[in-house]
**Student:** 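Structure provided below as structure tokens; questions to follow.
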Amino acid sequence: MTVLLQDLTVAIQVAFGLLAIATLADWIRRRDAQRTYLVLALVFLALVVLIGPNADQLGVSRQPVTDITLVIFLLSGYFLLLFRDSLIPLGASARVIITVGITIIGAVGIAAGLPSDPNVAHTPFQVVALSAVVATWIVCVAEPILRLGRASIGRPAVEGSRLRALSLGYAGLIAVVLVGTLASSLTQNQGVVLATDVVALLVVPLLYASFSPPVWLRRLWSQPEEDEFRGALHDLLLYTPDRAKLAERALDWSTRLVGGASGFIVDSDGKILVSRGMTTDEVAQHSARAPSNHSTLVVPLDLAHGKGSMTIVAGPFTPLFGQDEVFRLRQYAGSITAGLDRVSLTDRLAALEKAKSEFLNIASHELRGPMTVIKGYLTMIAAGSLGDVPPKTKTVLPLLIAKSDEVNSLLEQMIEASRLEDGRMALKKERSDITELTDAAIENLRPLLSDHELKVDMPPRPVWADVDPDRFQIVVRNLVSNAVKYSPSGSRVRVRIKPNGAHAMLSVTDEGIGIAADDQPRLFTRFGRIENKATAHTSGTGLGLWLSREIARMHDGDLTVESETGRGSTFKLDIPLDRG
Ligand code: ADP
């Protein structure tokens with residue numbers, strides 16, 4: 001047991017020695033001012049562990065060594081308090097009081113001439129002085145433990161874990177110091193000594209992890225947050241509606257992920273898209289500065305309109321961005337760029353769509369008035385109401401009237417389409433005989449049908465359905481005029497109504513150019529026209545079938561097609577019947 005304890009004492013000294021060397025080396029390498037006090041606290045603590053028990057072997061008079069150890073011991077606590085002050089300021093007067101207080105306690109400790117061997121009997125003054133020194137150190141250490149422990153809540157994963165490791169490490173040290181100095185009776189018990197030695201040994205990796213955690217540990221700490229980040233990023237990129245919101249959330253997550261405290265995103269036009277935890281002046285200062293350094297991470301964003309960037313500035317306790325963070329942030333930068341571009345594209349498309357439907361709306365309304373006048377006068381001229389018409393002029397009048405009807409029905413389609421888009425299409429349903437409505441629609445198209453053989457096949461009795469009569473006729477007119485448009489002169493166009501249980505099927509069949517199976521899904525989309533040799537000379541808007549299917553569906557019915565290239569098409573309108 002004694003040998004084991006001796007070995008443990010050596011191990012503790014070696015461990016603290018290594019801790020001092022490693023933290024010092026790390027600090028010199030990165031010249032990181034913010035952690036200076038923490039390095040000093042750890043190095044001084046290591047010196048206490050190294051010098052204290054070896055005072056006898058130093059070959060100099062014992063008392064000065066003991067006094068120096070006492071000062072170093074107090075300073076190790078004082079520097080930890082100053083480190084806490086650099087993270088969470090104590091206030092100027094508090095700092096002065098503490099400094100003066102510690103100096104007085106140190107002076108009292110030296111004046112008491114404390115013995116280096118704790119087992120030697122102490123005078124009452126020495127007991128008071130020793131208690132005051134230990135109590136001061138404990139206060140200096142306990143206060144930061146509590147403050148930093150509390151500050152760790154809600155911090156980025158790595159930063160929070162580092163603060164917790166630091167608090168835990170120092171809490172272990174307090175326990176060791178308390179047992180070792182105050183409860184000296186306990187130090188006679190080998191079991192207790194063993195336990196405190198083990199705790200002292202375990203404290204070392206904790207303190208080192210808090211100071212400079214290795215990559216694997218950082219990754220382990222940040223893993224849960226990273227998983228959450230991935231899920232959040234997915235939602236963020238796919239569903240965030242505007243760029244500002246997306247940039248804000250992306251920046252928020254990115255700073256959390258690498259343990260940064262603040263940052264900003266610059267758009268391709270140089271404007272600041274979003275900033276976090278920084279004033280406008282600070283953002284301007286940072287964006288004017290050169291690329292990344294050890295406390296600032298700048299990641300380029302290759303946006304569709306040019307280069308943007310994301311800058312993350314380190315938090316006070318995570319001043320260093322390792323390779324790992326840089327790599328991870330670059331990885332996510334690609335996704336953030338895609339997300340920002342996606343939103344711009346969606347915005348542009350939406351603006352384009354809006355412009356298109358505004359144009360539809362304005363153009364159709366503006367054209368309707370003049371067309372009504374033209375059609376009216378043409379009809380009056382044809383009827384002879386405006387006097388005799390020369391025979392040659394008379395022959396072209398039916399064609400002019402048919403063409404003005406065509407324009408009118410196009411305008412009607414455009415108006416209805418823009419109503420549908422704006423959600424302004426309200427059906428005016430009434431119980432109607434759909435055979436009668438179909439007849440009326442066909443009648444309207446008569447001039448168009450002169451070159452085709454029209455066959456109508458309908459039941460002799462009424463077929464009642466609850467429909468909007470005007471909209472129902474729009475669908476029929478569209479299907480019949482398409483059948484005429486897309487089939488050769490002289491071919492047959494057949495219109496059929498067949499009641500079938502609770503539904504009726506209105507079908508329009510032609511013997512025309514037909515539609516390839518691959519093209520069929522596109523027929524019913526807005527502006528969906530099929531461009532090929534056969535349709536090259538037929539004009540149209542591509543709105544008719546889209547509008548017709550929407551109208552059918554608003555009636556709880558549907559519009560479908562069966563077709564084969566070169567063999568004609570059948571469009572089927574399914575409408576629920578009125579059973580009342
Ligand atoms: P439009 O006829 O004004 O172009 P539609 O929405 O009515 O618009 O039709 C969309 C496309 O479907 C047409 O451009 C045409 O290519 C095709 N189409 C429609 N009806 C037929 C048909 N009966 N036969 C062959 N192709 C058709």
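We count ligands from 1, going down the list as the structure has it; atoms in each ligand are counted the same way.
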**Student:** Check each heavy atom of Thr538 against ligand 1 and say whether those closer than 4.0 Å belong to the side chain, the backbone, both or neither.
**Tutor:** neither

**Student:** Compare every heavy atom of Met278 with every heavy atom of Ser262, then report the nearest pair and how far apart it is.
**Tutor:** CB-CG, 3.5 Å

**Student:** Heavy atoms only, cut-off 4.0 Å: how does Asp510 contact ligand 1, side chain, backbone, both, or neither?
**Tutor:** side chain

**Student:** Write out the residue and atom name of the closest protein heavy atom to atom 26 (N) of ligand 1, then the distance separating them to 0.1 Å.
**Tutor:** Ile515 CG1, 3.4 Å

**Student:** Is there side-chain contact between Phe527 and Leu543, with heavy atoms separated by less than 4.5 Å?
**Tutor:** yes

**Student:** Find all atoms of ligand 1 within a distance of less than 4.0 Å from any non-hydrogen atom belonging to Ile513, and give their numbers and elements.
**Tutor:** 25 (C)

**Student:** Yes or no: does Gly512 have any heavy atom under 4.0 Å from an atom of ligand 1?
**Tutor:** no

**Student:** For atom 12 (O) of ligand 1, what is the closest protein heavy atom, and at what distance to 0.1 Å?
**Tutor:** Leu523 CD2, 3.0 Å

**Student:** Return the closest protein heavy atom for atom 5 (P) of ligand 1 as residue, atom name and distance.
**Tutor:** Leu545 N, 3.6 Å

**Student:** Please give me the minimum heavy-atom distance between Pro459 and Pro499, naming the atom from each residue.
**Tutor:** CG-CD, 3.9 Å

**Student:** I need the atoms of ligand 1 closer than 4.0 Å to a non-hydrogen atom of Gly528, numbered in the order shown.
**Tutor:** 10 (C), 11 (C)

**Student:** Give yes or no for whether the N/O distance cutoff of 3.5 Å, strictly under, is met between Tyr486 and ligand 1.
**Tutor:** yes

**Student:** Could you tell me whether Lys428 and Asp470 make a salt bridge, using a distance below 4.0 angstrom between a side-chain N and a carboxylate O?
**Tutor:** no

**Student:** Under 3.5 Å between some N or O of ligand 1 and some N or O of Thr535?
**Tutor:** no

**Student:** Regarding ligand 1, does Gly514 bring an N or O atom to under 3.5 Å of one of the ligand's N or O atoms?
**Tutor:** no

**Student:** Judged by non-hydrogen atoms, does Phe524 sit under 4.0 Å from ligand 1?
**Tutor:** no

**Student:** Where is the nearest protein heavy atom to atom 4 (O) of ligand 1: which residue, which atom, and how far?
**Tutor:** Arg529 NE, 2.6 Å

**Student:** In this structure, which one of Ile575, Asp556, Asp574 forms a side-chain contact (heavy atoms from CB on, under 4.5 Å) with His503?
**Tutor:** Asp574

**Student:** Thinking salt bridges, do Asp347 and Arg243 make one under a 4.0 Å N-O criterion?
**Tutor:** no

**Student:** Got a salt bridge between Arg553 and Glu550, using NZ or NE/NH1/NH2 to carboxylate O under 4.0 Å?
**Tutor:** no

**Student:** Ignoring hydrogens, what is the shortest heavy-atom contact between Ser364 and Met414? Give both atom names and the distance.
**Tutor:** CB-CB, 3.7 Å

**Student:** I need the nearest protein heavy-atom contact for atom 3 (O) of ligand 1: residue, atom name and distance, please.
**Tutor:** Thr541 N, 2.9 Å

**Student:** Starting from atom 7 (O) of ligand 1, locate the nearest protein heavy atom and write down its residue, its atom name and how far away it is, to 0.1 Å.
**Tutor:** Asn482 ND2, 2.8 Å

**Student:** Could you pull out, from Gly568, Ala534, Gly542, Ser481, the option with a heavy atom nearest to atom 1 (P) of ligand 1?
**Tutor:** Gly542

**Student:** Report the residues that fulfil ring pair (Phe, Tyr, Trp, His ring centres under 6.0 Å) with Tyr332, sequence neighbours left out, ordered by chain and then residue number.
**Tutor:** Phe229

**Student:** Is any side-chain heavy atom of Asn478 less than 4.5 Å from a side-chain heavy atom of Phe571?
**Tutor:** no

**Student:** Is it the case that Asp341 and Ser344 place a side-chain donor and acceptor less than 3.5 Å from each other?
**Tutor:** no

**Student:** Show me which atoms of ligand 1 lie under 4.0 Å from any heavy atom of Lys485.
**Tutor:** 1 (P), 2 (O), 3 (O)

